[in-house]
Amino acid sequence: MKIRKAVFPVAGLGTRFLPATKAMPKEMLPIVDKPLIQYAVEEAFQSGIEQIIFVTGKNKEALEDHFDRHSGLETTLKEKNKTELLDSIKRIVPDTGTIVYTRQSNPLGLGHAIWCARDIVGNEPFAVLLADDLIMSDTPVLSQMLKAYETVRSSLVAVVEVPKNETNKYGILDIDYKKDGLSKIRGLIEKPDPEDAPSNLAIIGRYILTPEIFTILDQKEKGAGGEIQLTDAMAKLLDTQSIFGLQFAGHRFDCGDKAGFQMANLSYALTYPDISSKLKPFIKTLLQ
């Protein structure tokens, strides 16, 4: 079955970026001139996804407005003959029904957020994208995963190698084997201490999941941090289905971290010729 839908859990409070996120969703923080969430949505559409499902929470109106028409702004840009800018904001807004919204009333974890989308997803495989993980790549990471899915026809996670002392920040894979960047997963452990981690292969914010995951999430079992963890549900899914990990081609920026966010801004800014020509000399002065 073709994967048509992608779930975006965006209900988080963004506490690591306070006070900036007191009134603005963290997903709307800009990388150069586009909010984080737009990069992830563009990745999904470029990969062939047909419907975006936002799982939102309180104070996310700015995110919803971003993907809606702004007639006043469009009229002003048209009157001032700013055609390029006008086209850029029109491209943000997809056809009606392409983006739908549902609410996560209580912040009970990533697994719970995905469970909130169950009725919209229905009985079909789907993708999950976490906007905090911004990935610079020639081929969208989700496209790479969908290509691998055509081969394995199983749930799939994007993984990266992390320093051994950082395994307690991620869901970590225990693998049977690895071949050509694709690992068959034997087990999954949520945020293990370094001495207990079976590997340094960590799950990051891209998933392809089969609908059977909802049956497990229905049980609402709490794990690390007292939350309903997606990693725990996937570990149970392994009892009946295979799951694979894909080491993708591309550079991942952890934009849920302040340093990672600044690295992403700098790296993306350097891809704009007009900005790069000013930024590179400035960086050199800072390094002297």
Side-chain angles (χ1 to χ4, degrees), residues 6-9 12 14 16 26-27 36 39-40 43 109-114 127-137 139-146 148-149 152 154-209 213 216-217 223-225 227-238 241-264 267:
V7 176
F8 287 71
R16 282 186 287 180
K26 65 174 181 177
E27 297 84 7
L36 263 175
Y39 286 93
E43 177 186 332
L110 177 58
H112 180 260
I114 292 169
V128 176
L129 292 89
L130 307 185
D132 280 358
D133 281 319
L134 178 60
I135 303 166
M136 183 182 284
S137 58
T139 301
V141 171
L142 187 57
S143 286
Q144 298 177 46
M145 295 178 70
L146 291 171
Y149 176 79
V152 300
S154 297
S155 292
L156 193 69
V157 294
V159 298
V160 296
E161 292 185 352
V162 298
K164 191 71 174 177
N165 63 353
E166 293 184 9
T167 59
N168 58 357
K169 300 178 181 178
Y170 300 91
I172 298 296
L173 308 190
D174 182 8
I175 64 172
D176 276 330
Y177 63 82
K178 181 167 66 173
K179 182 179 180 181
D180 299 328
L182 198 62
S183 301
K184 189 174 188 300
I185 299 173
R186 179 168 53 219
L188 296 160
I189 304 175
E190 179 66 19
K191 300 178 180 177
D193 291 331
E195 59 271 18
D196 299 323
S199 76
N200 69 332
L201 288 176
I203 302 171
I204 59 122
R206 300 292 184 277
Y207 306 77
I208 293 174
L209 299 170
I213 196 73
I216 299 171
L217 292 172
E227 297 183 336
I228 300 170
Q229 298 289 351
L230 178 60
T231 303
D232 294 341
M234 293 178 68
K236 288 191 174 183
L237 188 62
L238 278 169
Q241 297 181 10
S242 297
I243 304 178
F244 292 83
L246 178 69
Q247 288 179 266
F248 54 86
H251 185 86
R252 173 243 184 183
F253 297 95
D254 179 4
C255 292
D257 171 79
K258 291 178 183 178
F261 179 78
Q262 299 305 329
M263 292 175 193
S267 297

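Small disclaimer: the values here were computed from a predicted structure and weren't measured.
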**Item:** Closest heavy-atom pair and its distance - G250, S137
**Value:**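 Heavy atoms of G250 and S137 come nearest at CA-CB, 3.8 Å.
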**Message:** Can you give me the closest heavy-atom contact between D132 and K26, atom names plus distance?
**Reply:**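 Looking at all heavy atoms of both residues, the shortest contact is OD2-NZ, 3.0 Å.
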**Prompt:** Is a side-chain donor or acceptor of D257 paired with a backbone partner of A259 at a separation under 3.5 angstrom?
**Reply:** yes
**Prompt:** Does L209 reach the side chain of L230, with side-chain heavy atoms less than 4.5 Å apart?
**Reply:**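 L209 reaches L230 side chain to side chain.
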**Request:** With the side chain counted from C-beta on, respond yes when I208 and L146 share a heavy-atom pair under 4.5 Å apart, and no when they do not.
**Result:**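 Yes - at least one pair of side-chain heavy atoms lies under 4.5 Å apart.
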**Within residues 155-171 or reaching into it, pairs that qualify as salt bridge (Lys or Arg N to Asp or Glu O under 4.0 Å) - sequence neighbours excluded** = E161-K178
**Any side-chain heavy-atom pair of I172 and L201 under 4.5 Å** =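 The answer is no; the side chains never approach within 4.5 Å.
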**Item:** Non-hydrogen side-chain atoms of L246 and Q144 separated by less than 4.5 Å
**Value:** yes
**Item:** Stepwise side chain to side chain contact (heavy atoms under 4.5 Å, CB included) test for Y207 and L110
**Value:** CA-CA 12 Å; Y207 306 77; L110 177 58; 3.9 Å; yes
**Prompt:** Any side-chain heavy-atom pair from I135 and F253 closer than 4.5 angstrom?
**Reply:**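 SC-SC contact between I135 and F253 ruled out.
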**Prompt:** Could you walk me through whether Q241 and S154 pass the side chain to side chain contact (heavy atoms under 4.5 Å, CB included) check?
**Reply:** CA-CA 7 Å; Q241 297 181 10; S154 297; 5.9 Å; no
**Asked** Would you find a donor on one side and an acceptor on the other, under 3.5 Å apart, between the side chain of S267 and the backbone of M263?
**Response**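 Judged by distance alone, yes, a pair lies under 3.5 Å.
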**Message:** I want to check something: taking the side chain as every heavy atom from C-beta on, are E43 and V141 in contact at a cut-off of under 4.5 Å?
**Reply:** yes
**Request:** Give the minimum heavy-atom separation between K258 and R16, together with the two atoms involved.
**Result:**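 The answer is CE-O, 2.8 Å.
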**Fill in**
Smallest heavy-atom separation, L182 atom then A148 atom, equals CD1-CB, 4.5 Å
**Message:** Taking V162's backbone N and O only, do any of them form a donor-acceptor pair with N200's side chain (distance below 3.5 Å, no angle check)?
**Reply:**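 Such a contact is found between N200 side chain and V162 backbone.
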**Message:** In the structure I gave you, are the side-chain heavy atoms of P9 and L130 within less than 4.5 Å of one another anywhere?
**Reply:**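 In short, these two side chains touch, coming nearer than 4.5 Å.
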**Item:** Whether R206 side chain and D133 backbone form a donor-acceptor pair below 3.5 Å
**Value:**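 Judged by distance alone, yes, a pair lies under 3.5 Å.
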**Message:** Within the structure provided, determine whether T167 and D193 are in side-chain contact (heavy-atom separation under 4.5 Å).
**Reply:** no
**Request:** May I ask you to decide if G187's main-chain N or O and D174's side chain share a donor-acceptor pair within less than 3.5 Å?
**Result:**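 Looks like no, no N/O pair under 3.5 Å.
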**Message:** Test of understanding: with side chain to side chain contact (heavy atoms under 4.5 Å, CB included), list the residues that count as partners of I216, not counting sequence neighbours.
**Reply:**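 Result, side chain to side chain contact (heavy atoms under 4.5 Å, CB included) vs I216: A233, K236, L237.
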**Request:** Assess whether side chain to side chain contact (heavy atoms under 4.5 Å, CB included) is satisfied between L217 and I228, documenting all intermediate values.
**Result:** CA-CA 8 Å; L217 292 172; I228 300 170; 4.1 Å; yes
**Message:** Set out, in order, the CA-CA distance, both residues' side-chain angles and the distance that settles side chain to side chain contact (heavy atoms under 4.5 Å, CB included) for L188 and I203, then state yes or no.
**Reply:** CA-CA 9 Å; L188 296 160; I203 302 171; 3.7 Å; yes
